[in-house]
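All heavy atoms count here, side chains included; hydrogens, waters and symmetry mates do not.
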Amino acid sequence: MEEVQGVPIAGPTLFQYMGKLEERRLPVHIRNKAIREIVQGFACLHEAGVDLHTSNILHRLPDSYLKNNEDLRAYFGGPVLEPVMRMDGKPITEHAPESVVLPAKFSFPGNFDGSIIIADFCSTFKSPNDGGNAKFSVCAPNAAPERLLGESFGLPSDIWSLACTIFRLISGKPLFQDESNSSQIVLFEVMEVLGKPSEDWWLRWEKAAASMAITRRDAADCNDGLEKVDKMVDDLDDETANKEPLKDMLERMLTLEPEERLSIKEVQEHAWFRSLI
């Protein structure tokens, strides 16, 4: 039999996989392994000065699961081709492929062991020189405030997104919830969770997002700190979450000022992360 060549086989995204589970949460030992691998992957990229987003964390099939091309075809079927057509109806050029292979339909196997693949590097860039104000793909509920405001962003923006990812892996629910992917609504939720913004932040919000229906009056009833994060962690029905160190780590990853957030090395050295090893 011909051996499968190329990269490891990636399954659905981690959160697609979780969505098929009854409680939308991974077993603790699998969850902890996934978090370790995500953080280690981010650390390698940050060491090289590469920034990325967390939207494309894929579940990796065990190497023993599909050993050769015959197994692949038996599991997924043959490749399904879709012809390439121009939107204006004109013939495609000689430089374009005649067809593309559609993604394989994936049934969610029950043997996920927590191994992950970080994929889709089209949205990565060398930080901090060429991030700028470009529009990169990252869903609003995971995006750091500076991204939502259209400001420059870099490695600390990943730390915010990583905190959102860790919380969701533990709780099964996003930290900032908005199905419409609206920057305005997520910014309002950030304000509710982190408390009243400083005067400097109000000026930045008003300058970058004048059309957003977020006013100083909206902040009147907000907390003065991170009480909501503390409460959300306290409310987790998971005695394995090691809650006090978890609250400390999340609070230090979720600061409005990017330069005040933990570095990826500090995340790795934090007591909560070390408790996973």
Student: What's in the same ILVMFWY side-chain cluster as M87, cut-off under 4.5 Å, chained through other members?
Tutor: none
Student: Applying side chain to side chain donor-acceptor pair (under 3.5 Å), name anything that partners T255, two or more places apart in sequence or on another chain.
Tutor: none
Student: Sequence neighbours excluded, which residues qualify as side-chain contact (heavy atoms from CB on, under 4.5 Å) partners of V84?
Tutor: I92, P97, V100
Student: Among all residues two or more places apart in sequence or in another chain, which pass the salt bridge (Lys or Arg N to Asp or Glu O under 4.0 Å) test with E266?
Tutor: none
Student: Just how far is it from atom NE2 of H270 to atom CG of L262, taken to the nearest 0.5 Å?
Tutor: 6.5 Å
Student: Under the rule for salt bridge (Lys or Arg N to Asp or Glu O under 4.0 Å), what residues qualify as partners of K33, not counting sequence neighbours?
Tutor: D113
Student: Kindly write out the residues that satisfy side chain to side chain donor-acceptor pair (under 3.5 Å) with E269, not counting sequence neighbours, or none if the list is empty.
Tutor: none
Student: For E37, check side chain to side chain donor-acceptor pair (under 3.5 Å) against everything at least two apart and list the hits.
Tutor: none
Student: With sequence neighbours excluded, give me every side chain to side chain donor-acceptor pair (under 3.5 Å) pair touching residues 88-99.
Tutor: R86-D88
Student: Main chain of N142, side chain of S161: is a donor-acceptor contact present, judged purely on distance under 3.5 Å?
Tutor: yes
Student: For V28, what are the other residues in its hydrophobic cluster, where any two members join if their side-chain heavy atoms are less than 4.5 angstrom apart?
Tutor: none
Student: Give me the other members of the hydrophobic cluster that L102 sits in, counting Ile, Leu, Val, Met, Phe, Trp and Tyr linked by side-chain heavy atoms under 4.5 Å, directly or via other members.
Tutor: V80
Student: Heavy atoms, side chains only, cut-off 4.5 Å: are I35 and W272 in contact?
Tutor: yes
Student: Quick one: do W160 and R261 satisfy side-chain contact (heavy atoms from CB on, under 4.5 Å)? Show the steps, please.
Tutor: CA-CA 8 Å; W160 179 285; R261 294 173 199 152; 3.8 Å; yes
Student: Going by side chain to side chain donor-acceptor pair (under 3.5 Å), name the residues that satisfy it together with R168, two or more places apart in sequence or in a different chain.
Tutor: none
Student: Could you tell me which residues satisfy side-chain contact (heavy atoms from CB on, under 4.5 Å) with A43, sequence neighbours excluded, listed by chain and number?
Tutor: I264, Q268
